[in-house]
**Q** 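Sharing a structure, written as structure tokens. Questions coming.
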Amino acid sequence: LLAERGTADTTIAEITARANLGFGTFYLYFQSKEELLGTVVSEGMAGLLRELDRATADLDDLAERQRAAIRAYLRFAHDNGDLFQIMLRAAPSWADLVQRYQQPFLERTEAFLREGMAAGKVSAGSVELRANMILACVRWMGMWWVDHEEPTPDEVADELIGFIESGIGQPETPATT
């Protein structure tokens, strides 16, 4: 219901009716819609972090970890469209909460870039700017699924990873002799 209509346009009576709960029961668990929203976003983002940890735990190669994290993020977004819809419609006051949960993604991406630059596998540049650009691309693609069913998460991940790793540079032209 929150994903469909947003918090401003959803009443507690509608929430309890959809959940087949008495109106007063809501207040046994939450003091307000805002508290409910905070819990939904917190638990959803914690689930996403667990999924990222699971997807990357056994990978030693830094690039493979980054690819696996992007795939896991996009699959989670695809499979949890309602959560991402709620985050899209969340009041600006929830920006701090969402930012707090995005910080680990940002830190992982910065570590990937630093290691890649040190190993000569990533061109030199601003780690902070690049990490934020990558996160913005991944987050936007996660949000994109709010309104789309295709392509699959793996197809989007392949395109996004290719974009991140190679950019949109000009295609190679065949050598002429």
Side-chain angles (χ1 to χ4, degrees), residues 3 37-175:
L37 178 65
T39 299
V40 167
V41 171
S42 291
E43 289 181 8
M45 295 305 287
L48 176 55
L49 288 174
R50 284 190 302 275
E51 194 59 31
L52 288 171
D53 288 341
R54 186 197 61 71
T56 60
D58 298 328
L59 300 173
D60 293 327
D61 182 73
L62 189 59
E64 286 303 316
R65 282 197 321 263
Q66 187 68 18
R67 290 181 195 115
I70 290 170
R71 287 184 192 289
Y73 186 102
L74 292 172
R75 281 190 198 115
F76 188 91
H78 183 264
D79 294 343
N80 296 277
D82 285 349
L83 172 64
F84 279 78
Q85 180 74 345
I86 289 168
M87 289 169 47
L88 271 176
R89 292 185 176 191
S93 62
W94 296 106
D96 289 342
L97 177 65
V98 173
Q99 180 63 34
R100 185 179 72 206
Y101 279 99
Q102 287 183 348
Q103 192 61 36
F105 309 129
L106 195 59
E107 290 168 2
R108 291 172 186 189
T109 303
E110 288 174 345
F112 162 75
L113 290 169
R114 280 190 197 93
E115 283 186 47
M117 287 177 191
K121 295 181 179 182
V122 174
S123 62
S126 169
V127 169
E128 181 181 10
L129 286 176
R130 288 180 178 193
N132 276 284
M133 287 181 222
I134 290 169
L135 181 58
C137 288
V138 173
R139 182 173 180 223
W140 183 261
M141 292 313 302
M143 298 294 187
W144 182 75
W145 265 306
V146 169
D147 296 317
H148 297 84
E149 291 296 320
E150 294 180 358
T152 68
D154 285 335
E155 290 169 330
V156 174
D158 289 342
E159 287 290 329
L160 184 55
I161 291 165
F163 176 77
I164 291 168
E165 291 179 350
S166 302
I168 60 168
Q170 296 180 356
E172 291 184 30
T173 54

**Q** Determine the minimum heavy-atom distance between Ala68 and Thr56, stating which atoms define it.
**A**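 So the two residues come closest at CB-CG2, 4.1 Å.
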
**Q** Would you check if Met133 and Glu128 make a side-chain contact, meaning some heavy-atom pair closer than 4.5 Å?
**A**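 Heavy-atom side-chain distance check fails, nothing below 4.5 Å.
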
**Q** Do Tyr73 and Arg139 come within less than 4.5 Å of each other through their side chains, counting heavy atoms only?
**A**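 With C-beta onward as the side chain, the pair touches.
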
**Q** Less than 4.5 Å apart, any side-chain heavy atom of Thr109 and any of Leu135?
**A**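 With C-beta onward as the side chain, the pair stays apart.
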
**Q** Between Glu155 (side chain only) and Thr152 (backbone N and O only), is there a donor and an acceptor less than 3.5 Å apart?
**A**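 Checked: pair present.
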
**Q** Work out which heavy atom in Leu74 is nearest to a heavy atom in Ala157; give both atom names and the distance.
**A**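 Closest pair (atom of Leu74, atom of Ala157, distance): CD1-CA, 3.6 Å.
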
**Q** Classify the side-chain pair Arg130/Ser123 by whether it contains a donor and acceptor separated by less than 3.5 Å.
**A**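 There is such a pair between these side chains.
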
**Q** Within a strict 4.5 Å, meaning less than it, do heavy atoms of the Glu110 and Glu115 side chains meet?
**A**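 The answer is no; the side chains never approach within 4.5 Å.
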
**Q** Identify whether the distance between the nearest side-chain nitrogen and carboxylate oxygen of Asp154 and Arg75 falls below 4.0 Å.
**A**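 A salt bridge links Asp154 with Arg75.
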
**Q** For a side-chain contact (heavy atoms from CB on, under 4.5 Å) with Gln66, tell me which candidate from Ile161, Leu113, Ile134 qualifies.
**A**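 Single pass found, and it is Ile134.
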
**Q** Can you confirm whether Asp61 is buried at CG, in the sense that more than 12 heavy atoms of other residues, nucleotides or ligands lie under 6.0 Å from that atom?
**A**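 Yes - once you tally the heavy atoms of other residues, nucleotides and ligands closer than 6.0 Å, there are more than 12.
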
**Q** Would you name the heavy atoms of Gly116 and Leu62 that are closest together and state the gap between them?
**A**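 Here Gly116 and Leu62 meet closest at N-CD2, 4.1 Å.
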
**Q** Could you check whether Asp53 pairs with Arg108 (Lys NZ or Arg NE/NH1/NH2 to Asp/Glu carboxylate O, under 4.0 Å)?
**A**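 Between Arg108 and Asp53 there is a salt bridge, with a charged N closer than 4.0 Å to a carboxylate O.
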
**Q** Do side-chain atoms of Arg71 reach the backbone of Ala55 as a donor and acceptor pair under 3.5 angstrom?
**A**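 No; judged by distance alone, with no hydrogens or angles, the pair does not exist.
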
**Q** Taking the side chain as every heavy atom from C-beta outward, state whether Phe76 and Leu52 have any pair of such atoms under 4.5 Å apart.
**A**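 Sidechains of Leu52 and Phe76: no contact.
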
**Q** Going by side-chain contact (heavy atoms from CB on, under 4.5 Å), Leu160 matches just one of Met141, Glu165, Arg67. Which one?
**A**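 Per the side-chain contact (heavy atoms from CB on, under 4.5 Å) rule, the option paired with Leu160 is Met141, out of Met141, Glu165, Arg67.
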
**Q** Just so I know, are the side chains of Met45 and Pro104 near enough to count as touching, which here means a heavy-atom distance under 4.5 Å?
**A**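 No; the side chains remain at least 4.5 Å from each other.
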
**Q** Should we count CD of Glu64 as having more than 12 external heavy atoms under 6.0 Å?
**A**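 Enclosed: over 12 neighbouring heavy atoms sit under 6.0 Å from CD of Glu64.
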
**Q** Looking at Asn80 and Leu83, would you say the former's side chain and the latter's main chain have a donor-acceptor pair under 3.5 Å?
**A**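 No; zero donor-acceptor contacts below 3.5 Å.
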
**Q** Taking it one step at a time, do Phe105 and Val138 satisfy side-chain contact (heavy atoms from CB on, under 4.5 Å)?
**A** CA-CA 10 Å; Phe105 309 129; Val138 173; over 6 Å; no

